[in-house]
Amino acid sequence: GENVEQHPSTLSVQEGDSAVIKCTYSDSASNYFPWYKQELGKRPQLIIDIRSNVGEKKDQRIAVTLNKTAKHFSLHITETQPEDSAVYFCAVERAGGRQLTFGSGTQLTVLP
Amino acid sequence: DAGITQSPRYKITETGRQVTLMCHQTWSHSYMFWYRQDLGHGLRLIYYSAAADITDKGEVPDGYVVSRSKTENFPLTLESATRSQTSVYFCASRERGNTEAFFGQGTRLTVV
């Protein structure tokens, strides 16, 4: 089955700095790569996703980059704010797939 | 209200007891999922369903039973609860593959 590794497990940054979280996957047939944000005590919610036919996608301060050859993708958050503090999960799914496989999560803390 | 809801939100049960966690969605999504969330493990898939009366095992199905007699409901039963099943359980739904998954609020289950 699919294996997804996420790094780092914890990340602390100063407010205004950038944060980068990276995931690697094993199944070359994977073609859908979403990122979910989970605030403390809340449910995970989708923040951005990318499909394998594009290399980068941006949404305001958030961007995701995909390297299909190397089988890794990354979440980039610029100008971090305290409300960005949360656990972030990457996920992977193959074409026509029925289930997402999640990474183990990254606890991001933005220090004021 | 439209959405996906879980009940109960919190449950304490004794070892060996049977307990059922409920999940209800109002979107008529085809796919429904049960995940458990444990520190350091991210979100692990227990079972999923592609439609009414169609269910399949995920990564960690042992000790759990599911059913889906109606599209909108996907209950998860622990037939004989064990302490290792203490966890936060999330139900999710989506329309089809490679699309956003929507999560319920979660059920915090403690087995004593």
Would you mind checking which part of A:Y36 comes under 4.5 Å of any heavy atom in chain B, side chain (CB onward), backbone (N, CA, C, O), both or neither? side chain
What part of B:E59 is in contact with chain A, defined as an atom under 4.5 angstrom from a non-hydrogen atom: side chain, backbone, both or neither? neither
Counting only non-hydrogen atoms closer than 4.5 Å, does A:R94 touch chain B with its backbone (N, CA, C, O), its side chain (CB onward), both, or neither? backbone
Interchain contact, B:R44 with chain A, by part (heavy-atom threshold 4.5 Å): neither
Which value, rounded to the nearest 0.5 Å, describes the distance between B:F33 atom CZ and A:R98 atom CZ? 9.5 Å
Are B:V111 and B:I46 in one and the same hydrophobic cluster, where Ile, Leu, Val, Met, Phe, Trp and Tyr link if side-chain heavy atoms are under 4.5 Å apart? yes
Can you name the closest pair of heavy atoms from B:R94 and A:Y32 and give their distance? NH2-CE2, 4.0 Å
Greater than 12 external heavy atoms within 6.0 Å of A:R61's CZ: yes
Please classify the contact of A:P44 with chain B as side chain, backbone, both or neither, using a heavy-atom distance under 4.5 Å. both
Please answer: with hydrophobic residues joined when any side-chain heavy atoms are less than 4.5 Å apart, are A:Y25 and A:V64 in the same cluster? yes
Flag yes if more than 12 heavy atoms outside A:Q60 fall under 6.0 Å of its CD atom; otherwise flag no. no
Name the region of B:Y35, side chain, backbone, both or neither, that has any atom closer than 4.5 Å to a heavy atom of chain A. side chain
Nearest heavy atoms of A:R43 and B:G104, plus distance in Å: CB-O, 3.1 Å
Below 4.5 Å from any heavy atom of chain A, which atoms of B:A101 appear? Answer side chain, backbone, both or neither. both
Quick check on the hydrophobic clustering: are B:V88 and A:L100 connected, directly or via other members, by side-chain heavy-atom contacts under 4.5 Å? yes
B:L45 portion near chain A, given a 4.5 angstrom heavy-atom threshold: side chain
Are there over 12 heavy-atom neighbours, none belonging to A:E79, within less than 6.0 Å of that residue's CD? no
How about B:R9: does its CZ atom have over 12 heavy atoms from other parts shown lying under 6.0 Å from it? yes
Heavy-atom pair with the smallest gap, counting every atom of A:K42 and B:F90: O-CZ, 3.9 Å
Please say whether more than 12 non-hydrogen atoms of neighbouring residues, nucleotides or ligands are located less than 6.0 Å from CD1 in B:I12. no
Pick one of side chain, backbone, both or neither for A:Q38, based on which atoms fall under 4.5 Å of a heavy atom in chain B. side chain
Can you tell me if A:K22 has over 12 outside heavy atoms packed within less than 6.0 Å of its NZ? no
